Amino acid sequence: MNIIITGGAGFIGSHVVRLFVNKYPEYHIVCVDKLTYAGNLENLADVENKPNYTFVKADICDLDTMLALMQEHQIDGIIHLAAESHVDRSIRDPFTFAKTNVLGTLSLLQAAKVYWESLPERYEGKRFYHISTDEVYGALEFDGTLFTEQTKYQPHSPYSASKASSDHFVRAYHDTYGMPTIVTNCSNNYGPYQFPEKLIPLFINNIRHRKPLPVYGKGENVRDWLYVEDHARAIDTIFHHGIIAETYNIGGFNEWRNIDIIHVLIRTVDRLLGRPEGADDDLITFVTDRQGHDLRYAIDSSKLKRELGWEPSLQFEEGIEKTVKWYLDHQEWMDRVTSGDYQKYYDEMYSKR
């Protein structure tokens, strides 16, 4: 198979690319990434010389380029992860989120439609797999309920609204044109290579350097956390065995209040750095809550376990230990990312081509 993975230089995408390149040497994996602030080819340094891997710097909103890539590489499948994903950024700049998440997805869908419908076999053996978020469902109360695949959409932020819209376009292309599509909605991911604007890598770095830990409100918002490599395994399983036109929720059955995660991070970082327990508790700083901050997300992924046999492999304590160790051991990576030097390098390199 020839597969495009969009957003492949990003956090989740790089783990998916690595898994597919290493697990399926008979596949050709085309990693497509615009290399915005969240895309970093250092995340894929260990596979960049593999014979079944190709990187293409491109914008998914460019329909002509997406169609040309489909034709050049005779693409059989698309795993679509490219997205603007930070809620705070979406509040400040909703137009960028609408462009990338909605129009970018539409561009990919149309490129796939035009190319696949030009083939004698048309859609046979083809697959468009769209990765979405649990935030499209809105928010839950503290009543034990979970998001299921039947939960109605109630997005509350420009980010979740843009992802909800893209989900609808994917399903519409199946219903209207017969395109073989699958949508998954996943809970919060954590693990290596996550851009340090997100809670866990940001706070690990801040604790290390004894910088303030800004906590929204009282830190009582609850999220369901999933180790990123478990998400990559789920994507692999669903891409190969998922039923066309189905939706699958992917979650960790692992709910944590933000403030409790922060205390776990402080204890873990302090222990691994040889500091006294609780030495950095005073870094916690409560700040004004974010606009439209959803109270609780929690995913019911029992359908995925029941139908395709997937379930998380790591408990949170084990996953967070591995994650903290990785960031502490990769301070050079963190320094380059937080300084923005990696992006200046890519901008200069590709401007010469």
Side-chain angles (χ1 to χ4, degrees), residues 5-8 10-13 16 32-34 36-39 59-61 78-110 112 128-140 146-175 179 181-189 194-195 197-199 221 223-226 228 231 234-235 238 245-251 290-301:
I5 300 179
T6 69
F11 168 45
I12 300 172
V16 177
V32 175
D33 201 293
K34 189 179 177 182
T36 62
Y37 75 94
D59 185 346
I60 59 171
C61 294
I78 296 174
I79 300 176
H80 177 34
L81 292 121
E84 295 284 349
S85 65
H86 195 251
V87 175
D88 286 350
R89 287 178 183 264
S90 80
I91 293 170
R92 294 193 299 267
D93 181 15
F95 286 91
T96 295
F97 281 69
K99 180 180 179 182
T100 299
N101 297 353
V102 184
L103 296 181
T105 300
L106 181 56
S107 173
L108 279 171
L109 287 164
Q110 186 65 12
F128 189 107
Y129 178 2
H130 175 65
I131 285 83
S132 188
T133 172
D134 57 357
E135 297 191 36
V136 298
Y137 295 127
L140 294 167
L146 303 172
F147 294 137
T148 72
E149 290 81 0
Q150 286 72 45
T151 301
K152 70 176 182 177
Y153 277 27
Q154 286 188 307
H156 293 150
S157 71
Y159 162 59
S160 56
S162 68
K163 290 298 291 184
S165 178
S166 66
D167 296 1
H168 291 321
F169 267 109
V170 173
R171 295 188 179 103
Y173 264 65
H174 171 267
D175 295 349
M179 182 179 289
T181 63
I182 291 178
V183 175
T184 55
N185 300 85
C186 191
S187 60
N188 282 31
N189 282 211
Q194 188 170 27
F195 190 80
E197 66 182 355
K198 299 299 179 75
L199 188 150
N221 301 73
R223 299 294 182 260
D224 177 14
W225 293 90
L226 179 67
V228 64
H231 189 189
I235 290 171
I238 294 164
E246 285 291 322
T247 297
Y248 297 93
N249 280 350
I250 308 172
R290 181 169 67 198
Q291 293 171 293
H293 198 180
D294 290 333
L295 188 63
R296 172 176 170 258
Y297 304 143
I299 280 279
D300 182 353
S301 55

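Numbering of residues begins at 1 and proceeds along the displayed sequence. In this text the structure is predicted, and so the values were computed from the model without any measurement.
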From the list L226, I12, T133, D134, side-chain contact (heavy atoms from CB on, under 4.5 Å) partner of C186 resolves to L226

Which of T151, T148, L146 passes side-chain contact (heavy atoms from CB on, under 4.5 Å) with Y137? Answer is T151

Partners of [X] by side chain to side chain donor-acceptor pair (under 3.5 Å), sequence neighbours excluded?
| X | value |
| --- | --- |
| Q194 | none |
| H231 | N189 |
| D294 | H156, Y297 |
| S85 | K198 |

In short, L81 meets G13 closest at the heavy-atom pair CD1-CA, 4.0 Å

Applying ring-ring contact (aromatic ring centres under 6.0 Å, His included) to H86 and not counting sequence neighbours gives none

Sorted by chain and number, sequence neighbours left out, ring-ring contact (aromatic ring centres under 6.0 Å, His included) with F169 holds for none

Exercise. Would T184 and Y129 count as having a side-chain donor-acceptor pair, cut-off 3.5 Å?
Worked result: yes

Partners of [X] by side-chain contact (heavy atoms from CB on, under 4.5 Å), sequence neighbours excluded?
| X | answer |
| --- | --- |
| T105 | H80, L109, H130, S166, V170 |
| E149 | T247, N249, K303 |
| A164 | V136, Y153, P155 |
| A112 | M70, I78, W116, F128, M179 |

Residue pairs meeting salt bridge (charged side-chain N to carboxylate O under 4.0 Å, His left out), one or both in residues 87-103, sequence neighbours left out, come to D88-R290, R89-E197

So the salt bridge (charged side-chain N to carboxylate O under 4.0 Å, His left out) pairs with at least one residue in residues 151-171 (sequence neighbours excluded) are none

